[in-house]
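Presented below is the structure to which this report refers.
A note on names: the letters A, B, ... follow the listed sequences, proteins ahead of strands, and every chain is numbered from 1. What's counted below: heavy atoms across the whole structure, side chains too, no hydrogens, waters or symmetry copies.
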Amino acid sequence: MRVVIVGAGQVGSSIAADLAGTHEVIVVDCDPERVEELNYSLDVLGVTGDGTSVATLEEAGIEDVDMVIASTDDDETNIVVCSTAKAISDAFTIARVKNTEYLRTWERSKRAFGVDFMVCTNLLAAESIVRMIGLPAARDVDPFAGGQVQMAEFEVDADSPVANQTVAEADRFDSLTFVALLRNGCVEIVRGDTVIKPEDRVVVIGSPGSVQEFARSVAPEESPGSAEEVVIVGGSEIGYHVARLLEERDFQPRLVERDGARARELAERLPKTVVMESDATDIEFLEREHIGDADVVVSALDSDEKNLLVSLLAERMGVERTIAIIDADEYVDLFETVGVDVGVSPRGVVAEEISRFTLDGNAENVALIESDKAEVLEIEIDAESLLAGRTIQESTRDLPDGVVIGAITRDREFITPRGDTVVEVGDHVVVFAGIDVVDDVTARI
Amino acid sequence: MSVTLRVDIRASLSLVGSVLKYLAVPLCLPVVVALYYGETVVPFVATMALTVVVGIGLERLEPDPDLRAREGLLMVALTWLAVALVGAVPYLIEAHGLPPLVATIHPESTLANPANALFESMSGFTTTGATVLGDISFESHTRSIMLWRQLTQWLGGMGIVVLAVAILPELSVGGAQLMDAEAPGPGIEKLTPRIAETARALWGAYLGITLLEIILLYSLSVTGIDPAMTLYNAVAHGLTTMPTGGFSPESRSIEAFSAAAQWIIIPFMIAAGTNFALFWHVLSGEPKRLVRDAEFKFYLGVLGVFTALLATVLFTGGFAATAPAGGTYDAAYLENLSAAIAGQAEPAIRHALFQAAAIVTTTGYASLDFNAWGPAAKGILLFGIFVGGSAGSTGGAVKIVRWYVILKAVRRELFTTAHPEAVRPIRLGGNPIDERALRGIYAFTSLYLALFVLAAVLFFLDAQRVGLSVTVLEVVSTAATAIGNVGPAFGQFGPMGGYSSLSEASKLLFVFLMWIGRLEIFPVLVLLMPEFWQR
């Protein structure tokens with residue numbers, strides 16, 4: 001596959017490095033030095049020029065290109081690159097954005113901006129932080145439908161409350177569907193009378209909140225509940241999204257922001273978060289608010305050094321886990337060495353996501369279970385789909401065994417699939433399918 | 001000689017005139033009633049002529065009025081004063097006749113006194129429902145004049161200015177600001193892009209619900225359930241429930257009717273205290289807006305608490321009925337009253353709910369003489385006088401939404417005492433309230449309470465001056481009901497009593513309180529500030 005990457009910054013270079021081994025990669029950047037550097041360090045073709053101009057894209061050979069990845073630091077540039085590429089070629093386009101509003105627009109109509117796949121830096125970073133906070137008991141967590149749906153895999157201990165219960169008995173959760181058990185390396189699709197045995201791994205699909213709730217009941221000790229105290233330092237966009245996603249999972253985080261106007265704005269947008277206007281390095285304040293008793297401190301300030309400082313300070317005061325956002329990818333290891341428990345690089349997360357997506361080579365959002373025994377697919381329902389306009393009960397009869405409809409989202413609202421739920425055109429359906437029926441299922445749905 | 005004023009009084013007066021001349025239209029209704037019952041039409045026809053002449057005269061002052069912020073405030077305040085003055089004319093003519101054209105008609109009427117006539121008119125338009133009628137009966141008053149009383153309340157309920165915005169195209173530009181100055185509660189909600197359409201929608205909902213109530217009430221007499229609820233009474237009570245007015249043509253108020261009629265009136269009083277914008281949303285296919293509305297939920301909660309408290313007192317018979325100083329009630333009456341309710345669930349709940357709704361929404365009806373209740377029940381009702389209806393309803397007083405916000409603000413203060421750095425916006429149904437709006441709410445409520453105290457002191461001093469014997473409860477409750485547009489107070493000013501014993505000065509004080517209370521203080525008070533008239 002021929003891939004054009006526009007923007008040779010951290011993200012672009014990282015993706016280029018990942019893809020260079022298996023694909024033909026062309027990197028476009030307006031900085032000749034960077035292009036020069038990549039030309040030598042990686043086995044890629046460098047093109048100097050403005051990625052939004054048709055001339056540059058033609059120079060990169062856009063007519064034979066299969067994929068364009070716009071990964072500059074500027075949202076609007078990335079979007080314009082994609083729509084330009086779409087206008088003059090059939091390439092699959094991927095845009096990286098920071099602003100979640102663009103993502104919302106794009107999710108509403110997947111043809112918006114001529115972007116085929118959009119990744120949002122701030123949201124991805126926040127999601128990965130929240131997954132670390134919320135579900136340490138989970139073996140695997142994958143978000144679908146823009147974070148509205150999660151697929152998670154949990155191991156069931158002998159003393160877990162759901163051990164030796166049937167699925168029907170264990171199914172006490174509002175918006176959660178049990179889809180499969182992984183037993184002795186085999187994938188078994190569950191039915192109501194399937195018994196969950198110790199050592200089994202269960203795969204569930206549901207809203208993030210219900211997955212969180214399930215995690216608590218499967219492994220109460222390991223899973224921090226909403227009683228967990230999380231303090232977020234810094235009201236950056238990532239800090240905001242971390243708080244928002246935690247609220248969705250019934251946490252009541254605290255957020256410290258120094259700027260008064262920003263603090264007020266965040267307090268208005270985050271009804272369940274206690275927003276505090278203060279400098280997070282004010283020791284007196286930290287002591288007065290008992291920050292040392294917190295279970296997790298997330299530092300999301302706009303400078304790496306400050307995040308390091310806050311994390312070390314929190315660690316000193318007795319905080320159990322510290323998570324720091326680190327802008328410079330190369331600092332992650334360094335920071336983790338000197339005392340930050342987890343370093344999260346937003347650019348790294350995005351590069352990883354784009355690479356993963358690109359390597360999967362599939363337009364659908366996919367997660368693999370047990371390497372390749374089953375797949376979880378997100379599919380947008382069109383009029384030709386077998387599911388369109390029918391209840392799930394009716395459609396299941398026409399589907400092969402080994403398929404479970406795990407979740408539905410409609411206009412970004414989560415809908416729990418039950419027998420009488422009618423699937424509409426435009427819904428996003430998250431489907432679990434055994435590997436032997438995947439092709440059959442994708443063809444019919 | 002021409003003087004340039006900072007405020008264009010002529011423009012304001014001209015718009016007052018435009019509104020005034022249309023007052024002739026609703027005056028047709030009592031004319032029809034008078035013709036039907038064979039009563040004199042002179043009071044209404046003469047008032048029609050007067051209002052049209054004065055209206056057109058004022059309108060001519062400024063053919064092309066330019067409506068700006070200050071002129072708007074002045075116009076709203078003056079409109080209510082002018083309407084109350086014109087509204088008093090039928091009462092005066094009914095008492096004095098129209099010498100030398102028509103001879104004296106009802107010289108014995110308390111309304112023969114101009115101060116009384118103005119009081120009654122202002123009480124009507126502001127939907128207060130306090131009365132100076134010496135004798136509420138069709139022996140001493142015509143049916144048409146009694147209907148005019150109810151009609152003034154209905155016109156005042158949704159708002160004269162809102163009505164004017166709905167029908168006068170020249171008010172389309174400054175309309176939102178005018179409605180804001182008049183409408184109860186902080187801020188108005190534009191339901192449609194055009195303000196006149198919003199005003200029409202509100203009036204449409206108001207008219208519709210009023211008609212529904214009239215039909216339901218009249219059906220009681222058609223089906224023979226309550227023969228007392230004649231067509232006249234059904235109309236009269238329909239016209240005074242929805243504006244949370246409370247004028248009843250019966251001297252015993254709603255006590256004169258069956259339990260069925262009382263049960264019908266209860267939900268309409270509750271509806272009258274609800275934000276009318278919510279009805280509009282319900283009718284335009286969004287019924288969820290009603291149950292999701294934070295103020296509405298709080299409103300029902302408040303009503304529930306008041307009802308539960310009152311019902312407990314009534315059910316346990318714990319109201320030590322006491323005869324007033326004047327000795328209006330004999331022992332047998334009180335015993336009957338007490339025995340009829342104590343230990344019985346239905347009447348206890350009905351009267352508790354009725355009285356809670358009547359007082360909280362500021363309707364001011366009475367399903368029995370709550371004046372005869374003991375101190376516990378009276379204390380609960382006295383609190384209720386300050387609550388008020390929802391924003392955008394026809395109810396008066398402080399308004400539920402302000403108390404709700406203030407309670408939340410108090411909770412925030414407690415929280416920030418423990419966590420000084422916490423930033424906590426006050427939310428109303430999930431939407432954060434601007435801190436400036438919050439300050440407005442504090443300011444209004446403190447000013448309201450301060451004016452209430454000042455009014456009580458002034459009234460007490462005046463009562464002493466003229467040698468009128470009043471209790472503290474009477475002073476406090478009358479001042480509160482006047483400024484809150486509630487109506488009946490306690491003691492001699494209770495639901496079965498009246499205000500005719502007041503001195504002229506006190507009556508005028510109350511007229512002022514009702515006026516200022518209906519417009520929520522600021523539009524009137526700002527006129528008294530020198531800054532308003534300066535550059």
Problem set entry | Exercise: identify the closest heavy-atom pair between A/A263 and B/V423 | CB-CG2, 3.8 Å
Please list every donor-acceptor pair closer than 3.5 Å that links chain A with chain B, giving the two atom names and the distance for each.
residue : atom : partner : partner atom : Å
A/R264  : NH1  : B/E435  : OE2          : 2.4
A/R264  : NH2  : B/I433  : O            : 2.9
A/A267  : O    : B/R427  : NH2          : 2.3
A/E268  : O    : B/R427  : NH1          : 2.9
A/E268  : O    : B/R427  : NH2          : 2.8
A/V275  : O    : B/V423  : N            : 2.5
A/E277  : N    : B/E421  : O            : 2.7
A/R288  : NH2  : B/E421  : OE1          : 3.2
A/R288  : NH2  : B/E421  : OE2          : 2.1
A/E289  : OE1  : B/H419  : ND1          : 2.6
A/E289  : OE2  : B/H419  : ND1          : 2.9

Exercise. For A/L270, is it the side chain, the backbone, both, or neither that has a heavy atom closer than 4.5 Å to a heavy atom of chain B?
Worked result: backbone
For this session: Could you pull out all residues at least two apart from A/D304 that satisfy salt bridge (charged side-chain N to carboxylate O under 4.0 Å, His left out)?
Result: none
